Amino acid sequence: QKEVEQDPGPLSVPEGAIVSLNCTYSNSAFQYFMWYRQYSRKGPELLMYTYSSGNKEDGRFTAQVDKSSKYISLFIRDSQPSDSATYLCASPLGDEKLTFGTGTRLTIIP
Amino acid sequence: DAGITQSPRYKITETGRQVTLMCHQTWSHSYMFWYRQDLGHGLRLIYYSAAADITDKGEVPDGYVVSRSKTENFPLTLESATRSQTSVYFCASSGAVTYEQYFGPGTRLTVT
C-alpha cells in the first residue's frame with residue numbers, strides 16, 4: 001500500500017467550476033503536505049504546501065488537511081483551461097525525501 | 001542556464017546497452033533525487049543524494065547506478081538496460097529548507 005493514495009481520474013470539468021482533488025495518507029506522523037502541478041511533458045512544480053491541519057489559501061487555490069481522517073484536499077475556484085494538468089499530492093518521508101500520490105489528471109473544458 | 005537541466009531529453013536504446021542520464025543544477029542544492037514516472041505508479045524514487053559522495057537507495061534502485069562527485073551533477077546510469085526501464089526519468093534537487101523539490105524537464109527513455 002502506498003503511503004499516499006490518490007484517485008488517478010481523469011477528471012474533466014467545465015471552465016469556471018470548482019474543482020476538488022483529494023488524497024488520503026496512511027502515516028499519522030505526516031505533518032507536512034504538498035501539492036505539485038505537472039503540465040504535460042514537463043516536470044512537477046510545487047503549487048502549495050500546508051503544515052499540520054487546517055486550510056491554506058493562495059489566490060484561487062485552497063489546500064485543506066483533515067488529520068482526523070487522514071485526508072488532503074486541493075480546491076480550485078473559478079477553474080481555467082490553464083489549470084489543466086496532473087496534480088500530485090506529497091508528504092515528506094524524512095531525509096528530504098518525498099512520497100507522492102499517483103497524480104490526478106485534470107482537464108478544464110472551455 | 002540557471003536551474004536544473006537534464007540531458008538527453010529523449011533517448012532510444014537497445015536492451016543490454018549502458019545508458020547514462022545527466023542531471024545538472026546551478027543552485028548548489030545539497031540534495032538531489034532521481035525518479036521514474038510510469039502510468040499507474042506515479043513518481044517513484046530511484047536514488048537520492050544528501051551531498052557530494054553521499055548516495056542512498058530509494059524505492060526502486062535495482063538496475064541503476066548513481067554517482068555524485070560534484071555537488072551540481074548527479075548522473076544516473078542504467079548498466080544493462082531492460083524494456084521495463086522504459087519510462088520518463090526526472091531529476092530533482094532540494095535545498096533542505098522547506099522540503100520543496102525542484103524538478104528538471106525529464107528524460108523520456110525508450111528501451112527496445
Side-chain angles (χ1 to χ4, degrees), chain A residues 1-11 21-27 29-52 56 58 63 65 72 74 85-106, chain B residues 1 3-10 21 23-25 27 29-51 54-61 68 74 87-109:
Chain A
Q1 181 191 7
K2 286 180 71 69
E3 293 185 277
V4 180
E5 299 277 358
Q6 190 171 6
D7 186 338
L11 181 63
L21 302 167
N22 305 297
C23 290
T24 58
Y25 63 95
S26 57
N27 190 337
F30 284 173
Q31 296 278 349
Y32 205 87
F33 303 94
M34 313 167 87
W35 284 96
Y36 279 78
R37 178 175 60 194
Q38 184 178 19
Y39 290 115
S40 180
R41 296 187 175 260
K42 302 283 187 183
E45 57 181 354
L46 182 66
L47 182 62
M48 292 185 70
Y49 66 89
T50 57
Y51 182 75
S52 194
K56 183 174 182 179
D58 184 1
V65 177
I72 313 163
L74 178 70
T86 296
Y87 290 81
L88 303 103
C89 54
S91 190
L93 282 173
D95 201 18
E96 295 302 308
K97 294 184 293 183
L98 296 175
T99 182
F100 288 87
T102 51
T104 299
R105 186 175 164 190
L106 172 67
Chain B
D1 290 336
I4 184 164
T5 56
Q6 293 183 237
S7 61
R9 294 294 314 279
Y10 302 90
L21 310 183
C23 179
H24 176 77
Q25 53 106 353
W27 295 303
H29 283 166
S30 54
Y31 282 85
M32 295 188 75
F33 308 84
W34 273 108
Y35 295 90
R36 58 178 293 173
Q37 188 173 38
D38 305 284
L39 271 175
H41 293 282
L43 282 165
R44 291 183 291 174
L45 183 65
I46 305 170
Y47 269 96
Y48 68 104
S49 169
I54 301 174
T55 62
D56 208 347
K57 296 178 180 179
E59 182 184 353
V60 289
R68 195 164 174 209
F74 191 38
S87 186
V88 181
Y89 291 85
F90 288 101
C91 178
S93 69
S94 170
V97 175
T98 61
Y99 296 110
E100 179 173 1
Q101 293 184 12
Y102 297 83
F103 284 80
T107 294
R108 191 169 292 266
L109 176 67

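In what follows, chains carry the letters A, B, and so on, assigned in the order in which the sequence lines appear, proteins first and then strands, with residues in each chain numbered from 1. The model shown is predicted, which means the values in this text are computed figures rather than measured ones.
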Considering the options B/Y89, B/F33, B/Y35, which one meets the side-chain contact (heavy atoms from CB on, under 4.5 Å) requirement together with B/I46?
-> B/Y89

A/Y25 and A/F33: CA distance, side-chain angles, deciding distance, ring-ring contact (aromatic ring centres under 6.0 Å, His included) verdict | CA-CA 10 Å; A/Y25 63 95; A/F33 303 94; 4.8 Å; yes

Is chain B contacted by the side chain of A/L88, its backbone, both, or neither, given a heavy-atom distance below 4.5 Å?
-> side chain

Indicate whether the side chain of A/Q6 and that of A/T102 have a donor and an acceptor atom separated by less than 3.5 Å.
-> no

Go through the atoms of B/Y102 and report whether side chain, backbone, both or neither lie under 4.5 Å from a heavy atom of chain A.
-> neither

Selection from B/R108, B/H41, B/E59 maximising heavy-atom pairs under 4.5 Å formed with chain A = B/R108

Highest number of heavy-atom pairs under 4.5 Å with chain A among B/G58, B/G42, B/G104 belongs to B/G42

Run through B/M32, B/E100, B/Q101 and flag the one making a side-chain contact (heavy atoms from CB on, under 4.5 Å) with B/S93.
-> B/M32

Counting only heavy atoms closer than 4.5 Å, note whether B/Q6 contacts chain A via side chain, backbone, both or neither.
-> neither

Between B/R68 and B/S49, do the side chains contain an N or O donor and an N or O acceptor separated by less than 3.5 Å?
-> yes

Given the options A/Y51, A/Y49, A/Y32, which has more heavy-atom pairs under 4.5 Å with chain B than any of the others?
-> A/Y32

